[in-house]
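Each remark here refers to the structure printed beneath this line.
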Amino acid sequence: MVTTLDSVDVVTVGVGWTGGIIAAECAKEGLKVVGLERGRERGTEDFSIVHDEYRYAIRYELMQDLSKETITFRNNRQQRALPMRQLGSFLLGEGLGGSGTHWNGQTWRFLPYDFQIKTMTDEKYGANKLPAEYTIQDWGITYDELEPYFDRFEKTAGISGEDINPFWGQRSSPYPTPPMKKTPILQRFETATSNLGLSPFMLPSANLSEAYENPDGQQINACQYCGFCERFGCEYGAKTSPEITVVPAARETGNYEIKFNANVVEVMKEGDRVTGVRYYDTQTFEEFIQPANVVVLTSYVLNNAKLLMVSEIGQQYDPESGQGTLGKNYAYQILPGASGFFEEQMNTFMGAGALGMSVDDFNGDAFDHGDMDFIHGASLSMTQTGSRPILHNPIPPDTPSWGADFKRASIENYTRTLGVGGQGASMPHRENFMALDGTYKDIYGVPLLQLTYNFTDQDRALHSYITEKAAEIMQEMGAKTVVAGNPISDYDIVPYQTTHNTGGTIMGADPATSVVNNFLQHWDAENLFVVGAGNFAHNGGYNPTGTVGALAYRCAEGVIRYSREGGSLV
Amino acid sequence: MAKNDKNFSRRDFLKTSGIATGALIGGGIIGGLIGANTNQQDTASSPPGTPQESLGSPGGVRGLVFFKNNAEFEILNQATERIFPEDDLGPGAIGLGVGYFIDQQLSGSYGENSKEYMQPPFYEGGITQGYQSRLKRNEMFRQGIQLMQQEAQSRFNANFVDLEGEQMDEILTAFQEDEIQMKGTTSLFFFRLLRQATLEGAYADPIYGGNHNMEGWRMKNFPGHQTAYINEIDSEDFVDIEPQSLGMEH
């Protein structure tokens, strides 16, 4: 039996950064908003015993329960897709705040080049710089158009940073709070990169350098550098997260309600409009329909795409013909880097998730790609995030992976190893895409999302070039041994890499090549919005959340305008 | 089966590791730890019932909750000790209680794969597709331990626990190199699981039953649960901090 609830103005599927931002903005405008979150309520008070590497970083306390739902994966269409039975390559969040609770807080704006990558690459290098199977395209919005929304998100989040990087787009205002502490480890990076003629700057951080009250009146506290950020929640309320900012802002209006343990399985559609969503209570399996004037998909990249597919909204992408847009342009992140082994002990166990310095000299189109067989690049950073002992057992090459020599070397080097790491851009390829799986289902009987993905020649070339640069920096930093990252071959879903999955519900100026317009409004259903990193037409050389936050503010404006005026917003 | 002597000399371990850490300090790390270690030894020999005595073992007792006989447990202990052996830096897996840690984990959600997708059909996948076995982790451990014993018998005509260290290493290496036939999984997969569980037991908070007395952290200079480093993180020098567990009263 299905219970149909009273209709509301706006329903969001998932309550993380995007769901929280939509809720706060719409509720402030007087719209009645319901957020459906499949995980639990949680807040700062739940993180007082969070300094537990085993529970949170190894056993994934804050992550999605895969026994209920996962995805299937294959490297190419010839392979049989099989379920991702354990978490590995990326960590899907669950619960209030979503991945915005367990993130590190590195908060970037994508480069002007990113938003017009096709136009700018063609202009500078000609139309055939990359082979045709790389499906790069402009995003249907420019950096300048998105700038006010970046500004909004950074002010909501209180981002700590400094505007001295020559490669960024123009900013309308300075960072809301000053940069974090430039620790001795970061100073080594600053000196080395300066010596190499590069332009180091403090990484923009959502672990705040000082206490801050945001424009909504929410308080974010000052970071204590305890070294437990990524995969953890913050016990100080000092790592900006949805549950300490936009969620309470939305709740204070009296126009917002969150239903927990509510797992949406379908977007209901009638003609060219959506009418609401159908969901299960994850504990009792009771079934509900939540009718709404506007539906906003605000869950993670993978689930947003899956919900459109199972609800048969939009045309599924077909790699054979290149037709269809849903599931197209899935991209990931390329991770070049180098480790350095040092003589002296350093305070590597202290830190914060976004405590770091970076250079953008090898990112975007900051360097000439005329002689390169790839485009774009990577930001290169030295971060001091707090190394913990189970996951951090650095050993020099040729050391065995267990036994007496392993024990000695891993203990010795735990406090004597640093890494220079890149967030490398990932270009879409016609064979990398998402679809529905024909065999495996989730606990509600809905097909799993199927991911087909492999690294490409562009990725391998980018990785190899940037890895060399990372090794040069590490050399200059004075490491006694420098170990450059191994070249990449095939994508492997087992080892953790990064939770920066993108694409599948991409934005653009043309319904023939994108799923949503530049207000993140669905081309085929004007009262349906889909927002998140799924909108990225490719992945840039940074962490995604800053750009996701900007798109969410843009989307909120669209939802409000649509609620008043109706119709297509473009 | 003869019980392993090492299993009953935990207090000796503490002493040994204390001295070993002291020696390391003498080797030029940081002097401040000497006093802290001395204190730790004092608390370790304080009257029964004090919380420090029984970190990770409520009530001061320890026992098996997954393994059903001591023979299996002793094989596990010896195997983990080869992976993470006692040395002059401090205790190995046995001294740290890694076996007890793994035993407890195997009886819970880790061993039961309760957060993993375990729906059929099961197919052998490519290496990049990860774990595709129908077996739960606790079934892999039980099978793996039986096979270690079987290998000891067939190679050396002896019980695994009575082998020389090098002989145990030979068997573990055969697992690591995927030379042992396992049912429903591969010996390489099992070996990686065993190695990882050993490190987890050595370095997880003592509330989980391993990392006895935080000796794993102390060896590694990891201070465990500290509220803040805002006053130390600017230091040019390495800061040695006595570790704290989440389970301590503070």
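Below, read A as the first sequence line, B as the second, and so on, with proteins coming before strands; counting in each chain starts at 1.
The nearest pair of heavy atoms linking A:Arg188 to A:Leu418 is CD-CD1, 4.2 Å.
Heavy atoms closer than 4.5 Å to chain A are found nowhere in B:Thr80, neither backbone nor side chain. Only the side chain of A:Ile58 comes within contact range of chain B, with heavy atoms under 4.5 Å apart. Looking at B:Asp169, the atoms closer than 4.5 Å to chain A (heavy atoms on both sides) sit in the backbone and in the side chain alike. Residue A:Ala81 touches chain B through its backbone alone, counting heavy-atom pairs closer than 4.5 Å. Residue A:Leu355 touches chain B through its side chain alone, counting heavy-atom pairs closer than 4.5 Å. Both the backbone and the side chain of A:Gln86 come within contact range of chain B, each with at least one heavy atom under 4.5 Å from a heavy atom of that chain. Only the side chain of A:Asn75 has a heavy atom closer than 4.5 Å to any heavy atom of chain B. Residue A:Phe349 touches chain B through both its backbone and its side chain, counting heavy-atom pairs closer than 4.5 Å. Heavy atoms of B:Gln176 lying under 4.5 Å from chain A belong exclusively to its side chain. Proximity to chain B (any heavy atom under 4.5 Å) is shown, for A:Ser89, by neither the backbone nor the side chain. Using a 4.5 Å cut-off between heavy atoms, B:Glu200 contacts chain A through both its backbone and its side chain. Heavy atoms of B:Pro121 lying under 4.5 Å from chain A belong to its backbone as well as its side chain. Using a 4.5 Å cut-off between heavy atoms, A:Leu186 makes no contact with chain B at all.
A ring-centre distance under 6.0 Å is not found for A:Tyr225 and B:Tyr229. Proximity of the aromatic rings of B:Tyr208 and A:Tyr54 is defined here by a centroid distance below 6.0 angstrom, and this criterion is met. The six-membered or imidazole ring of A:Phe228 lies away from that of A:Phe47, with a centre-to-centre distance of 6.0 Å or more.
Top candidate by heavy-atom pairs under 4.5 Å with chain A, chosen from B:Thr198, B:Asp205, B:Leu172, is B:Leu172. Among B:Ala202, B:Ser114, B:Pro223, the residue with the largest count of heavy-atom pairs under 4.5 Å with chain A is B:Pro223. Heavy-atom pairs under 4.5 Å with chain B were tallied for A:Arg55, A:Met63, A:Gln187, A:Glu235; the largest tally goes to A:Arg55. The greatest number of non-hydrogen atom pairs below 4.5 Å with chain B, out of A:Ser401, A:Gly227, A:Gly351, is found for A:Ser401. Most heavy-atom pairs under 4.5 Å with chain B: of the set A:Val50, A:Thr439, A:Asp52, A:Thr415, this distinction falls to A:Asp52. The choice from A:Pro389, A:Ala352, A:Cys226, A:Gly386 that makes the most heavy-atom pairs within less than 4.5 Å of chain B is A:Pro389. For the set A:Ile49, A:Leu66, A:Thr70, the count of heavy-atom pairs under 4.5 angstrom toward chain B peaks at A:Leu66. The candidate from A:Leu391, A:Asn347, A:Ile411 with the greatest count of non-hydrogen atom pairs under 4.5 Å with chain B is A:Asn347.
Looking only at atom types and distance, the side chain of A:Arg38 has a donor-acceptor partner in the side chain of A:Gln64 under 3.5 Å away. Between the side chains of A:Thr72 and A:Asp437, a donor-acceptor pair is found at a separation under 3.5 Å.
Here A:Arg40 does not pair with A:Glu94 in a salt bridge; the nearest charged N to carboxylate O distance is not below 4.0 Å. Salt bridge A:Arg85/B:Glu116: absent, no basic N to carboxylate O contact under 4.0 Å. The pair A:Lys68-A:Asp442 does not count as a salt bridge, with every side-chain nitrogen at least 4.0 angstrom from each carboxylate oxygen. Classification of B:Glu242 and B:Arg218 as a salt-bridged pair holds, one side-chain N sitting under 4.0 Å from a carboxylate O. Between A:Arg416 and A:Glu412 there is a salt bridge, since a side-chain N of the basic residue sits under 4.0 Å from a carboxylate O of the acidic one.
Geometrically, B:Arg137 engages B:Tyr110 in a cation-pi contact defined by less than 6.0 Å to the ring centre and at most 45° from the axis.
Scanning for ring-ring contact (aromatic ring centres under 6.0 Å, His included) contacts around B:Tyr131 gives B:Phe189, with sequence neighbours left out.
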